[in-house]
Amino acid sequence: MNIIYLSSSCSDEKFSELREKGYTRKLPQAQKYHLLLREGIAQSIDGTVTSISAFPVNRQWTKRWKFPRETETVNGIDYVYPAFINANLFRQRNRNRGAKKEIKRIYRQGEECVIICDVLNHSIADAARACGKKYGIPVLGIVTDVPGYTSGARAKTLSPINRMIAKFVSKTKSKNLQKYDAYLFLTEEMNNVVNFNNRPYIVIEGHSDAKMLNVDNSLENKSEPKVAMYAGGIHKEFGIERMVNAFLKGDFDGWELHIYGDGNYQNDLTKVAAENPKVKYFGSQPNKLVVEKQLEASLLLNPRLTNAEYVKYSFPSKTMECMASGTPLLTTKLPGMPKDYYEYVYFFEDESEDGMLEAFKTVLSKSSDELYVFGKNAKAFVMNEKTNVKQAEKLMNFVCGLNKETGND
């Protein structure tokens, strides 16, 4: 079986190149999610994985207006980056036509194939569905967020015109979500608000990087003072302000709070860090550096509030990344988190500011050895059960069944 994988993510080398040149300002979460899943698939099948990738760039970030077609092969994956003109209308249209052309080329080779695509990337998802229907290729949509059920934190920073455009695109995406042959969801709840046609689906909450198995997390490498670290969206809606205030209330000796990322709380956070030496804000940094700092930290944090409707339809990728690092995680009890995770993470049981303070008092009072062993056990759990290779194997078993159901095997 051959897999045609469509998303906006690139090879790791290409993504780093785009960031270094200033061509993209995209955060690495989606890049890392799709990259790891592709690499897991490549190790799980007897066939070819072709990644048709739309560069995550737009005219706001670079004056370069023309990108030619490029190809490369990395870690057993054939990457194709269709050519496009870097202007609003042309960019989306070029990506759509380029993706269709590449799918047609692969289809004409006469080999059995399945299309897997990121449903949130409008132009290439349209190409995937159109070609699937035309050539009789099963199309599986990966749903990492449900349009209309997101926090809306970033939308608040958009201009009124761009907000209207984003709202229209969101409605269009919601309608198009009904048009896939099968789905990969992060949570069971996603199926209830997307899969009205009762198509086949599989729930895989995420995946950790199998390569982290060989990355050492040692007590000797831990920072002093001890570091409690958060990396991700710096939005008030995500509980960041509440978490920072709780930490400052505690005035914990021997601990600092380090935060990485950007969002609508970053200006306030910059002021807080300037006034409080125990809080340090480092802005948005490359994922490689973030992972290195996770190994040096003594505790990782995810204060994502669970009272919003959208949290039922998400499973933050940072949960997997944190656990795979071997540094313990203190998190809220997200509705989409499977219960087999519960014994491997610490919880903010009460999400109020005082409740978070109590959780900090409990966890930050633990010895370095106790924290280290807890994190080590969490890493063993995700390395044994949740790596990108193991999760890709589950997906490919599902896809094989899908092929038989559609009569394409």
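Hydrogens, waters and symmetry mates are skipped; everything else that's a heavy atom, side chains included, is used.
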*asked:* Tell me whether Trp255 contacts the main-chain N or O of Leu364 through its side chain, where contact means a donor paired with an acceptor under 3.5 Å.
replied: yes
_Between Asp118 and Ser7 (side chain of the first, backbone of the second, donor and acceptor by atom type, cut-off under 3.5 Å), is there such a pair?_
no
_Atom OH of Tyr135 with >12 non-hydrogen neighbours under 6.0 angstrom_ = yes
*Test item: His235 side-chain N/O and Asn264 main-chain N/O as donor-acceptor pair under 3.5 Å*: yes
*Taking side-chain contact (heavy atoms from CB on, under 4.5 Å) as the test, write out the residues that go with Lys278, two or more places apart.*
Phe247, Asp251, Asp253
*Would you check if the side chain of Asn94 reaches a backbone N or O of Ile85 as a donor-acceptor pair within less than 3.5 Å?*
yes
Return all side-chain donor-acceptor pairs below 3.5 angstrom for residues 197-210, not counting sequence neighbours, or 'none' if the list is empty.
from: Asn197; atom 1: ND2; to: Gln178; atom 2: O; distance (Å): 3.1
from: Arg199; atom 1: NH1; to: Tyr180; atom 2: O; distance (Å): 2.7
from: Tyr201; atom 1: OH; to: Glu188; atom 2: OE2; distance (Å): 2.4
from: Glu205; atom 1: OE2; to: Tyr341; atom 2: OH; distance (Å): 2.5
from: Glu205; atom 1: OE2; to: Lys386; atom 2: NZ; distance (Å): 2.9
from: His207; atom 1: NE2; to: Tyr33; atom 2: O; distance (Å): 2.8
from: Ser208; atom 1: OG; to: Lys386; atom 2: O; distance (Å): 3.3
from: Asp209; atom 1: OD1; to: Lys211; atom 2: N; distance (Å): 3.0
from: Asp209; atom 1: OD1; to: Lys211; atom 2: NZ; distance (Å): 3.3

*Are Pro56 and Leu18 side-chain neighbours, meaning at least one heavy-atom pair lies under 4.5 Å?*
yes
*Looking at side-chain heavy atoms only, is the closest gap between Tyr342 and Phe347 below 4.5 Å?*
yes
*With a cut-off of 6.0 Å (strictly less than), are more than 12 heavy atoms of other residues, nucleotides or ligands near NZ of Lys101?*
no
*Of all heavy-atom pairs between Thr319 and Leu329, which one has the smallest distance, and what is that distance?*
CG2-CD2, 4.0 Å
*Of all the heavy-atom pairs spanning Ala378 and Tyr344, show the shortest one and how long it is.*
CB-O, 3.4 Å
*Is any NZ, NE, NH1 or NH2 atom of the basic residue among Glu351 and Arg304 found under 4.0 Å from an Asp or Glu carboxylate oxygen of the other?*
no
_Reported CD1-to-CD1 distance for the pair Ile103 and Ile137, which is rounded to 0.5 angstrom_ = 7.0 Å
*asked:* Salt bridge or not between Lys280 and Glu256? Use side-chain N to carboxylate O under 4.0 Å.
replied: yes
*asked:* Run the side chain to side chain contact (heavy atoms under 4.5 Å, CB included) test on Val272 and Leu248 for me, step by step, so that the C-alpha distance in whole Å, both residues' side-chain angles and the decisive distance to 0.1 Å come before the verdict.
replied: CA-CA 10 Å; Val272 170; Leu248 289 174; 3.8 Å; yes
*Under 6.0 Å between ring centres, would you say that holds for Phe360 and Phe348?*
yes
*Taking side-chain contact (heavy atoms from CB on, under 4.5 Å) as the test, write out the residues that go with Glu17, two or more places apart.*
Lys14, Lys21
*Identify, with sequence neighbours excluded, every residue that meets side-chain contact (heavy atoms from CB on, under 4.5 Å) alongside Asn267.*
none
*Nearest atoms (heavy-atom pairs only) where Ile234 meets Gly261*: CG1-C, 3.3 Å
*So, is the end of the Lys236 side chain (NZ or CZ) under 6.0 Å from the ring centre of Tyr265 and within 45° of the ring's axis?*
no
*Please confirm whether the backbone N or O of Phe374 pairs with a side-chain atom of Tyr346, one donor and one acceptor, at under 3.5 Å?*
no
*Sub-3.5 Å donor-acceptor pair from the side chain of Thr48 to the main-chain atoms of Asn2, do we have one?*
no
*For atom NZ of Lys104, is the number of surrounding heavy atoms from other residues, nucleotides or ligands below 6.0 Å larger than 12?*
no
*Assess whether atom NZ of Lys32 is packed by more than 12 heavy atoms of other residues, nucleotides or ligands within 6.0 Å.*
yes
_Tell me which pairs pass side chain to side chain donor-acceptor pair (under 3.5 Å) where either residue lies in residues 80-92, with sequence neighbours left out._
Glu72-Tyr81, Asn86-Arg91, Asn88-Arg91, Gln92-Ser123
*Sequence neighbours left out, what passes side-chain contact (heavy atoms from CB on, under 4.5 Å) with Lys133? Give chain and number order.*
none
*So among Val49, Ile52, Val74, Thr71, which one has a side chain to side chain contact (heavy atoms under 4.5 Å, CB included) with Tyr79?*
Val74
_How close do Leu301 and Ala228 get, counting heavy atoms only, and between which atoms?_
CD1-CB, 4.0 Å
*Gln266 backbone acceptor or donor facing Thr270 side chain under 3.5 Å*: yes
*Side chain of Tyr183, backbone of Leu177: donor and acceptor closer than 3.5 Å?*
yes
*Atom CG in Asp350, atom CG in Leu357: separation rounded to 0.5 Å?*
10.5 Å
*asked:* Checking Thr73 against Asp78 for the side-chain hydrogen bond (donor to acceptor under 3.5 Å, both in side chains) test, could you report, in this order, the C-alpha distance in whole Å, the side-chain angles of both residues, the deciding distance, and whether it holds?
replied: CA-CA 5 Å; Thr73 300; Asp78 294 333; 3.0 Å; yes
*Hey, does the Lys NZ or Arg CZ of Arg64 hover above the aromatic six-ring of Phe67, less than 6.0 Å from the centre and inside 45° of the axis?*
yes
*Between Pro303 and Ile240, what is the shortest heavy-atom contact and its length?*
CG-CD1, 3.7 Å
*Testing Lys379, Glu296, Gln294, Lys222 for side-chain hydrogen bond (donor to acceptor under 3.5 Å, both in side chains) with Thr327, which one passes?*
Lys222
*asked:* Can you confirm whether more than 12 heavy atoms, excluding those of Lys271, are under 6.0 Å from its NZ atom?
replied: no
*If you take all heavy atoms of Leu120 and Asp145, which pair is closest and at what distance?*
CD2-O, 3.4 Å
*Asn302 side chain to Thr331 backbone, donor-acceptor under 3.5 Å*: no
_Check for me whether the distance between the ring centres of His34 and Tyr5 falls short of 6.0 Å._
yes
*asked:* Just checking Arg93: does its CZ atom have more than 12 heavy atoms from other residues, nucleotides or ligands closer to it than 6.0 angstrom?
replied: no
_Using a strict threshold of under 4.0 Å (side-chain N to carboxylate O), is an ion pair present between Lys318 and Glu321?_
no
*Assess whether side-chain hydrogen bond (donor to acceptor under 3.5 Å, both in side chains) is satisfied between Ser8 and Arg95, documenting all intermediate values.*
CA-CA 10 Å; Ser8 62; Arg95 286 172 171 169; over 6 Å; no
_Test side chain to side chain contact (heavy atoms under 4.5 Å, CB included) applied to Leu140 and Val399, step by step_ = CA-CA 8 Å; Leu140 180 143; Val399 168; 4.2 Å; yes
_Between Lys249 and Asp354, does any NZ, NE, NH1 or NH2 come within less than 4.0 Å of an OD or OE carboxylate oxygen?_
yes
*Could you go step by step and tell me if Val215 and Val291 meet the side chain to side chain contact (heavy atoms under 4.5 Å, CB included) rule?*
CA-CA 10 Å; Val215 176; Val291 171; 5.8 Å; no
*Has Lys390 got more than 12 heavy atoms of other residues, nucleotides or ligands less than 6.0 Å from its NZ?*
no
*Hey, is the main chain of Gly355 close enough, under 3.5 Å, to the side chain of Ser352 for a donor-acceptor pair?*
yes
